[in-house]
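Beneath this line is the structure, given in structure tokens, with notes to follow.
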Amino acid sequence: PGSAAPAALAPPPGPPGTRWQPGHPGAATAAATVPLPHPHRSARPAVPRQPVQWLYPSLEAPGASLPPEPEQCPVIDSQGAGPAGTLDLVGSLPVEERSLEQVQSLVLGEVLKDIETACKLLNIAADPADWSPGNVQKWILWTEHQYRLPQLGKSFQELSGRELCAMSEQQFCERSPACGDVLHAHLDIWKSAAWMKEKAAPGAGRYCAGDGAWTDSEVDSSCAGQPIHLWQFLKELLLKPHNYGRFIRWLNKEKGIFKIEDSAQVARLWGIRKNRPAMNYDKLSRSIRQYYKKGIIRKPDISQRLVYQFVHPL
DNA sequence: AAAGAGGAAAATC
DNA sequence: GATTTTCCTCTTT
């Protein structure tokens, strides 16, 4: 197994002229266009020059173990780059092998982190082979949402994870001509991640990059099996500003005040999680309002639109 | 127009 | 039985 080298993520094939926004949820994963520590691919996509600019300085100061925030990432646009740019990374810049490895593990760490985050959010296993048809549907919806892919409808319904993994890129494209290729590439990354995880750490799902060990293992207190509550879900999103800061974010973390920046997207994520495709902010907000009398969430003293407050922070 | 409040009832576990 | 979803009316921003 595991022969699949993660294909570079194509940027979301949005409308013509659309570029990836800085701070797009997929920005970190986009960095996967840097070759991962896998055997070579014949047709490796071009490495845009931009990522080097933000990756390189962080190599100069290995003390700064924190990965660069996507908000500071320049727009990554691999569409314009031709297939010729690939080796420029090594050719034009005297990057030491060691440094390159650091870049790779940094990128890889980001990818694995994003996958872990998604697993928790969706409540699915990391290994696609373990997915039920329901899990597959969730993953597709989530990926579709995360990368603004065109709607797929039910073209992948009733497929188990194992069946999905066995499908070729062509088969993906048959089911979804619009973005089967991108989906397949994403699944490829998940497959590789699961494979590497298995190989590297048979014990815990932990990954450390360079000096910084910035992954906590199974510290979270999500009671297994119990259906998740909306307030828990919101806290989970708030915990990952890197991934969801564009949708929901703290205004005052200490006081538990948060703002929903994109009500439609938050509702959609909640709907994916709960298998409620018709979820919208109207209904989600009604659920939040149920928390008023229960003393879980309230409106802050100075009431503002889309701003709520956890009664008991921490 | 979108967000907010809250009653009522169905759905879901 | 508690929580959430759905639907609804009315008010506020």
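Chain letters run A, B, ... following the sequence lines, proteins first and then strands; every chain starts at 1.
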Exercise. Would one find a side-chain N or O of A:Lys283 under 4.0 angstrom from OP1 or OP2 of C:dT6?
Worked result: yes

Rounded to whole Å, the CG-P distance (A:Asp282 to B:dG6) equals 15 Å

Between CD of A:Gln309 and C1' of B:dG4 the distance, given in whole Å, is 17 Å

Rounded to whole Å, the CG-P distance (A:Leu306 to B:dA3) equals 5 Å

Whole-Å distance, A:Phe233 CZ to C:dT4 C1', equals 14 Å

message: Looking only at the aromatic ring of each residue, does the gap between the centers of A:Trp190 and A:Trp195 stay below 6.0 angstrom?
response: no

State yes or no: are the ring centers of A:Tyr308 and A:Tyr291 separated by less than 6.0 Å? no

A:Gln290 CD to B:dA8 C1', in whole Å, measures 11 Å

Separation of B:dA2 atom C1' from A:Asp262 atom CG, nearest Å, is 13 Å

Practice prompt. Could you state whether A:Leu239 and A:Leu234 fall into the same hydrophobic cluster, counting links through intermediate Ile, Leu, Val, Met, Phe, Trp or Tyr residues with side-chain heavy atoms under 4.5 angstrom apart?
Written response: no

Against the side chain of A:Arg305, the closest entry in C:dT4, B:dA2, C:dT6 is B:dA2

message: On the nucleotide C:dT4, are OP1 or OP2 found under 4.0 Å from the side-chain N or O atoms that A:Tyr291 carries?
response: yes

*A:Lys274 side chain N/O closer than 4.0 Å to the phosphate oxygens (OP1, OP2) of C:dT5?*
yes

Query raised in the report: Within a strict 4.5 Å, meaning less than it, do heavy atoms of the A:Glu163 and A:Gln171 side chains meet?
Result: no

With a 4.0 Å limit, can you tell me whether A:His229 has a side-chain N or O closer than that to the phosphate oxygens OP1/OP2 of C:dT4?
yes

Result for 5'-nearest mapping on DNA chain B, choosing between A:Lys293 and A:Ser285, is A:Ser285

Which of A:Trp270, A:Phe247, A:Trp139 passes ring pair (Phe, Tyr, Trp, His ring centres under 6.0 Å) with A:His145? Answer is A:Phe247

message: Counting the atoms with a prime plus P, OP1 and OP2 as sugar-phosphate, which does A:Leu284 contact under 4.0 Å by heavy atoms, base, sugar-phosphate, or nothing?
response: nothing

Regarding the side chain of A:Lys299, the nearest nucleotide among C:dT4, B:dA5, C:dT5 is B:dA5

| query | Looking across every strand, which nucleic acid part, if any, lies under 4.0 Å from A:Trp270 by heavy atom: base, sugar-phosphate, or nothing? | reply | sugar-phosphate

Presence of A:Tyr292 side-chain N/O under 4.0 Å of B:dA5 phosphate oxygens OP1/OP2:
yes

| query | Which is true for A:Ser263 with a 4.0 Å heavy-atom rule: it touches a base, it touches only sugar-phosphate, or it touches nothing? | reply | sugar-phosphate

From CZ of A:Arg289 across to C1' of B:dA2 the rounded distance in Å is 12 Å

Donor-acceptor pair (no angle test) under 3.5 Å: A:Arg286 side chain, B:dG7 base
yes

Between the main-chain N or O of A:Pro128 and the side-chain N or O of A:Lys191, is there a donor-acceptor pair closer than 3.5 Å?
no

Taking for A:Lys294 and for A:Arg276 the nucleotide of DNA chain C with the nearest heavy atom, the one nearer the 5' end belongs to A:Lys294

Separation of C:dT6 atom C1' from A:Asn280 atom CG, nearest Å, is 9 Å

